[in-house]
Amino acid sequence: MATSTAPGKIYLFGEHAVVYGEPAIPCAIEQRARVTVEERRGSGLRIQADDLTLDGFTVEYTGDTAGTPDVDVPESLIEAAMGYVDEAVTQAREAAGVPDAGFDVSIESELPLGAGLGSSAAVVVAAIDAATRELGTVLSREAVAERAYQVEYAVQDGQASRADTYCSAVGGAVRVAGDETTRIGTPALPIIIGYDGGAGDTGELVAGVRHLREQHSFAAETIATIGDVTRRGEEALRAGDLATVGTLMNFNHGLLSALGVSSRSLSSMVWAARDAGALGAKLTGAGGSGCIVALDETDQAQTALEFTPAVEKTFRAALADTGVERDP
Ligand code: PMV
């Protein structure tokens with residue numbers, strides 16, 4: 001039996017624009033997915049999951065995802081979760097050279113699904129690491145990141161950036177632009193998350209931005225400007241200038257709003273945090289619904305979010321310096 005954990009992430013800068021080759025800066029947080037893998041007889045795969053903001057489910061199938069699970073949660077979420085784990089296990093079998101290994105997989109996650117905290121990437125990264133260890137192969141974090149990217153690429157029909165998977169595998173704050181990935185040093189970041197209890201449909205939101213970009217040159221310019229904001233944000237991070245990082249996060253949120261990916265609940269959380277004195281606040285991830293990230297050294301933004309009707313949950317998140325790791 002092998003267990004690995006991998007962190008979720010927030011985007012400090014650059015989501016959506018990263019799809020068009022602009023840089024993005026995601027940052028790993030100490031909310032983790034934990035995946036336990038045990039080799040089993042035969043070539044099947046049995047997956048059990050708790051706490052994916054689903055009620056928990058168990059599915060058993062062999063080979064492909066054709067079997068219909070008998071559980072009372074939205075089919076699309078189950079199929080998505082199963083698709084990711086199925087591909088992750090395929091990558092692990094290939095990496096270890098054991099093409100028909102069977103597994104029992106159990107997943108626990110502190111990361112809500114589809115809320116912009118990189119839950120699927122964290123599950124995939126931890127699953128690849130645990131499954132390869134179970135088969136006697138230890139991959140470097142970089143190798144896990146590459147295979148996890150291949151999983152997202154396959155499951156999301158080629159609509160994936162390296163941002164989530166790389167950040168979850170190596171930890172820290174990272175700069176991702178196309179195929180280039182590097183870790184960047186940051187000061188301690190006073191991260192507050194606000195979560196509205198909902199989920200955004202990443203594929204639909206990415207398609208919406210693509211459509212706008214095709215229709216209007218100002219949308220293409222907005223995307224390029226997000227790239228500029230991200231480059232300035234990277235300089236401010238490297239200089240430890242949190243006030244400028246906050247201002248640029250506000251700017252980034254405005255540009256994402258212009259691209260149509262914010263929402264009433266995300267905006268109300270962003271404004272609650274700003275009104276309470278946060279250095280900056282923006283949505284994180286694909287948008288639509290889900291999470292915002294704010295920077296605040298005091299307790300005021302978190303307290304304000306606790307009293308904001310749109311908020312389901314708010315918490316302080318520590319930067320996860322270590323990416324995927326074996327759970328002792
Ligand atoms: O909401 P998430 O964590 O799936 O983030 C999506 C980020 C996008 O830039 C919108 C898409 C991508 O693959 O980079």
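Basis for what follows: all heavy atoms, side chains included, without hydrogens, waters or symmetry-related copies. Bear in mind the structure is a predicted one, so any value in this text is a computation, not a measurement. We count ligands from 1, going down the list as the structure has it; atoms in each ligand are counted the same way.
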**Study point:** Crowding at OH, Tyr20 (>12 non-hydrogen neighbours, <6.0 Å)
**Key:** yes
Can you list every pair where an N/O of ligand 1 is under 3.5 Å from an N/O on the protein?
from     : atom 1 : to     : atom 2 : distance (Å)
ligand 1 : 1 (O)  : Ala286 : N      : 2.8
ligand 1 : 3 (O)  : Lys9   : NZ     : 2.9
ligand 1 : 3 (O)  : Asp164 : OD2    : 3.4
ligand 1 : 4 (O)  : Thr202 : OG1    : 3.2
ligand 1 : 9 (O)  : His16  : N      : 2.8
ligand 1 : 13 (O) : Ser161 : N      : 3.4
ligand 1 : 14 (O) : Ser161 : OG     : 2.9

Check your understanding: Does a donor on one side chain sit under 3.5 Å from an acceptor on the other, for Thr3 and Asp327?
Key -> no
Exercise for review: Decide whether a cation-pi geometry holds between Lys313 and Phe315; the criteria are a distance under 6.0 Å from NZ or CZ to the six-membered ring centre and an angle within 45° of the ring axis.
Suggested key: yes
Point to revise | Electrostatic pair Glu234:Arg175 at N-O distance under 4.0 angstrom | key: yes
Review point. Near Arg326 CZ, under 6.0 Å, is it more than 12 heavy atoms from other residues, nucleotides or ligands?
Key: no
**Study point:** Atom CZ of Arg232: over 12 foreign heavy atoms under 6.0 Å
**Key:** no
